[in-house]
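See structure below.
Scope of the values below: all heavy atoms of this structure, side chains included, with no hydrogens, waters or symmetry mates. In what follows, every chain begins at residue 1, and chains take the letters A, B, ... in the order their sequences are listed.
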Amino acid sequence: MYTKFGRVKPARYLFDEMPVRNEASWNTMMSGLVRVGLYEEAVDFFRKMCDLGIKTSSFVIASLVTACGRSGSMLSEGVQVHGFVAKSGFLSDVFVGTAILHLYGVYGLVSCSRKVFEEMPDRNVVSWTSLMVGYSDKGEPEEVIGIYKGMRVEGVEFNEHSMSLVISSCGLLKDESLGHQIIGHVIKSGLKSKLAVENSLVSMFGNLGNIDYAKYIFDHMSERDTISWNSIAAAYAQNGHCEESFWVFHLMRHFHDEVNSTTVSTLLSVLDHVDHQKWGSGIHGLVIKMGFDSVVCVCNTLLRMYSGAGRSEEAELVFKEMPAKDLISWNSLMACFVEDGRSVDALGLLCSMIRTGKSVSYVSFTSALAACFSLELLDKGRILHGLVVVTGLFDNQIIGNALVSMYGKIGEMSEARRVLLQMPRRDEVAWNALIGGYAEHEDPNKALTAFRTMRAEGVPANYITMVSVLGSCLMPGVLLEHGKPLHAYIVSAGFESDVHVKNSLITMYAKCGDLSSSQDLFNRLDDRNVITWNAMLAANAHHGHGEEVLKLVSKMRSFGLNLDEFSFTEGLSAAAKLAVLEEGQQLHGLAVKLGFEQDCFILNAAADMYNKCGEIGEVVKMLPPSINRSLPSWNILISAYGRHGYFEKVCETFHEMLEMGIKPGHVTFVSLLIACSHGGLVDQGLAYYDMITRDFGIKPAIEHCVCVIDLLGRSGRLAEAETFISKMPVKPNDLVWRSLLGSCKIHGDLDRGRKAAEHLTKLEPEDDSVYVLSSNMFATTGRWEDVESVRKEMDLKNIKKKQACSWVKLKDKVSTFGIGDRTHPQTLEIYAKLEDIKKLIKESGYVPDTSQALQDTDEEQKEHSLWNHSERLALAYALMSTPEGSTVRIFKNLRICGDCHSVYKFVSRVTGRRIVLRDQYRFHHFESGVCSCKDYW
DNA sequence: TTAGGGTTAG
């Protein structure tokens with residue numbers, strides 16, 4: 001009696017005082033100990049019984065085994081009981097056998113469970129169910145379904161618990177046809193109206209992406225518990241219907257009392273792909289208010305929420321303040337660091353896990369391996385590889401994949417291949433990682449060979465395979481041999497309907513130089529997503545079609561598509577290249593409105609746009625304060641100051657950057673050297689050039705060398721420039737000789753100019769610029785017979801000079817002008833305005849520099865031809881079509897002519913207008929008779 | 001019976 005009421009003290013007293021005890025007394029006492037949860041004492045008691053040879057009943061043994069499972073830390077005691085049971089023949093009892101297999105399942109030893117299960121002479125539905133529970137808890141739904149099939153073959157009748165397990169496993173496997181099969185079974189079995197079964201059905205349909213069925217079941221349930229509500233909320237959440245999932249939460253609070261931590265976790269998981277700005281901080285507050293901020297799982301989702309929004313600092317804060325952390329918390333933060341590019345922090349986290357003896361799983365290693373993506377981290381990656389082998393995790397499929405991926409990303413392809421070959425099973429992820437590595441680091445042949453081997457091994461390719469293989473064909477010259485055959489394969493294998501594959505095809509054709517095929521694919525695609533549009537933006541940008549990029553961006557907007565970071569970056573950089581401030585400003589405004597203000601790429605693209613549109617004030621205003629400025633931001637700032645002639649600011653900024661501990665990069669030095677070159681700061685430029693290798697260990701690239709040649713050449717130090725070319729660490733290219741030729745033109749050095757021109761023609765026989773530059777060099781020095789011979793050579797080789805043109809953009813209309821153009825509808829007014837300008841500036845001291853006229857004619861003719869220059873026509877048109885006092889913006893496809901430059905200066909003084917001119921190379925910013933380039937360009 | 005961490009591409 002006492003044991004039945006849980007009163008163990010009096011029961012124990014009575015037992016101890018009993019003069020005679022029979023089997024029943026011992027068994028009753030032991031059951032009592034189990035009932036009150038004194039499991040360890042029960043096991044000791046049982047040992048004593050065994051020693052004394054007291055018989056026990058199968059019921060008592062089963063309850064004892066169950067107790068060992070329930071305690072969570074009594075596996076070894078359970079195993080001892082198992083040993084006794086095996087010796088005394090109790091295993092043939094179905095209750096005992098089931099209890100033991102359940103015990104092993106609880107401790108994750110499913111193979112032991114299965115062994116016991118297979119040796120059992122009799123099994124009931126609970127035995128089958130217990131086996132399922134083991135696999136389900138281990139996260140192996142395919143095994144659960146295997147057991148389900150076995151049960152059906154043997155004709156076992158299902159109970160509520162086993163049916164629920166089967167249903168949810170089916171959902172996890174996302175196997176729709178199995179789902180339908182199971183539904184039929186559920187209806188026949190008569191278990192359909194059981195609460196747990198209905199809950200599982202809601203959850204299964206959620207996992208299968210069939211939200212309508214999930215909702216139907218939920219709506220028709222006769223009773224609902226918290227799990228039902230949570231399941232429907234999760235169904236909405238998993239399928240991206242975040243508003244609905246919040247609505248469920250709202251209804252729950254009205255119609256159902258309980259909201260538990262699972263509800264909150266579900267809601268938080270939605271915030272991964274929802275507008276973080278709108279919901280994130282509020283939800284965090286709510287979690288604290290409801291007192292769930294101490295539940296590990298809730299905190300983990302909270303952490304994941306910040307991580308998904310790219311806010312690793314906040315995620316870190318959540319982690320630090322968690323009252324209890326589990327393995328998933330550590331792994332989540334590590335993954336967050338990896339996603340945010342904080343590789344060192346991620347690896348540090350793994351180190352402290354190991355150092356403090358925390359448990360580490362294959363997931364921890366997977367994240368750590370993903371952190372090692374660049375050459376500097378190769379050593380760390382190799383150590384991890386060693387650890388993986390030592391800890392016996394090498395055979396884990398996902399670890400193997402992560403290893404191949406790591407070596408692939410770094411470009412250690414022989415290592416990547418070696419790991420792949422050692423893997424017990426090579427799945428498509430492993431092959432894709434290898435192919436991706438080849439695509440990134442080696443030639444297309446390697447990637448294609450790997451693809452063929454993969455197919456020969458019978459591993460089915462998926463869309464990612466196709467995307468990866470296509471990624472190896474992103475260069476001109478491989479279209480016929482590789483690109484087109486791949487496209488043919490894609491069509492025949494049925495991958496063409498996949499939007500990702502189509503996007504990659506668009507990119508492939510564009511990078512192979514066939515933009516019209518990209519355009520074709522794009523036009524024929526009806527399920528375009530943002531990535532499709534982005535691929536098309538990149539395709540046009542790659543071909544230098546900035547206007548088309550902007551047109552596409554505005555189409556995206558008119559179709560109501562959500563522009564993402566990539567679209568904005570691409571749009572802004574197109575606006576920067578075209579120097580169209582208005583479009584750039586609009587895009588930037590929209591990006592800010594949509595919450596992308598903090599995005600590093602967009603921020604830099606916008607700053608660069610303002611920079612290239614001449615709005616230096618805006619650049620300085622918008623860049624983050626120096627304390628958290630990224631390297632690209634510093635580079636943009638240096639370039640901006642250089643572009644506008646603030647050379648002291650250039651040096652100041654560079655030194656500030658060094659003081660902040662930022663290591664300058666390749667681009668920083670390009671910006672610095674260009675600034676020096678434009679400012680005529682020759683010695684300072686040379687000093688910076690020396691710093692590149694001496695102080696920062698960077699190997700000078702061809703761009704840096706071109707800058708130095710420009711620097712020396714423009715200032716007339718042509719002999720030094722020539723010596724520099726002969727000694728520089730990289731092979732001279734066309735830009736080198738073009739720069740030298742340009743300088744020879746400025747300084748009238750005909751001999752060196754000729755030599756440079758010869759080198760240039762060898763490298764670029766089709767290029768018109770060499771002929772134009774030589775011809776201009778001869779013309780400005782009056783060598784008209786040489787001008788004529790260059791012209792004849794051009795005719796002979798059928799090389800056409802690129803026509804100069806200038807344009808003005810007013811509202812949405814672009815007006816373009818060629819030399820002496822008379823096609824504009826307002827031509828008469830334009831030429832009249834030009835006459836006014838001529839008169840006005842001559843009165844204030846303008847004298848034409850006729851050496852800039854490149855024909856051998858008399859002075860008057862020369863002056864006349866200067867007044868036909870496209871940039872003057874554009875200027876006249878712009879002045880007459882824009883309000884008094886406003887800034888005039890003009891573009892030219894080639895370099896501005898020297899005399900036009902002087903005309904612009906005079907006009908800016910006489911009219912008081914600010915004029916901004918973008919030519920092929922740079923920006924000129926005229927105000928009150930002075931140009932920002934200080935006449936040195 | 002419901003919720004949280006991982007590998008390939010983008």
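At B/dA3, one or more side-chain N or O atoms of A/Gln238 fall inside 4.0 Å of OP1 or OP2 (strictly under the cut-off). A/Lys409 has no side-chain polar atom (N or O) that falls below the 4.0 Å cut-off from OP1 or OP2 of B/dT7. An OP1 or OP2 oxygen of B/dT8 is reached within less than 4.0 angstrom by a side-chain nitrogen or oxygen of A/Ser405.
Set against B/dT1, B/dG5, B/dT8, the side chain of A/Ala196 has B/dT1 as its closest nucleotide. Out of B/dT1, B/dG5, B/dG4, the shortest distance to the side chain of A/Asn300 is found at B/dG4. Comparing B/dG4, B/dT7, B/dT1 by their nearest atom to the side chain of A/Ala370 picks out B/dT7. For A/Ser164, counting side-chain heavy atoms from C-beta on, the closest listed nucleotide (B/dT1, B/dG5, B/dT8) is B/dT1. Between B/dT1, B/dT2, B/dA3, one nucleotide has an atom nearer to the side chain of A/Ser231 than all others, and that is B/dT2. Comparing B/dT8, B/dA3, B/dG5 by their nearest atom to the side chain of A/Thr262 picks out B/dA3. If you check B/dT1, B/dA3, B/dT8 against the side chain of A/Asn432, the one that comes closest is B/dT8. For A/Val467, the listed nucleotide lying nearest its side chain is B/dG10; candidates were B/dG5, B/dT8, B/dG10. Each of B/dA3, B/dG5, B/dT1 was ranked by its minimum atom distance to the side chain of A/Ala335; first place goes to B/dG5. The side chain of A/His161 has B/dT1 as its nearest neighbour among B/dT1, B/dA3, B/dT7.
Rounding to whole angstrom units, CD of residue A/Glu258 and P of B/dA3 are separated by 16 Å. B/dT2 atom P lies 16 Å from atom CG of A/Asn239, rounded to whole Å. A straight line from CG of A/Leu327 to P of B/dG5 spans 13 Å, rounded to a whole angstrom. Between the CG atom of A/Leu403 and the P atom of B/dT7 there is a distance of 13 Å, rounded to whole Å.
Within the 3.5 Å criterion, the main-chain N or O of A/Phe522 finds a donor-acceptor partner in the side chain of A/Arg528.
Using cut-offs of 30° and 60° on the angle between ring planes, the pair A/Phe394 and A/His385 is parallel.
For A/Asp326 against B/dG4, a side-chain N or O and a base N or O form a donor-acceptor pair under 3.5 Å. For A/Ser361 and B/dG5, a side-chain-to-base donor-acceptor distance below 3.5 Å is present, hydrogens and geometry of angles not being considered.
A salt bridge links A/Arg304 and A/Glu339; the closest N-O separation between the charged side-chain nitrogens and carboxylate oxygens is under 4.0 Å. A/Glu244 has no carboxylate O lying under 4.0 Å from a charged side-chain N of A/Lys215, or vice versa, which leaves the two without a salt bridge.
Side-chain atoms of A/Asn534 and A/Asn503 include no donor-acceptor pair closer than 3.5 Å.
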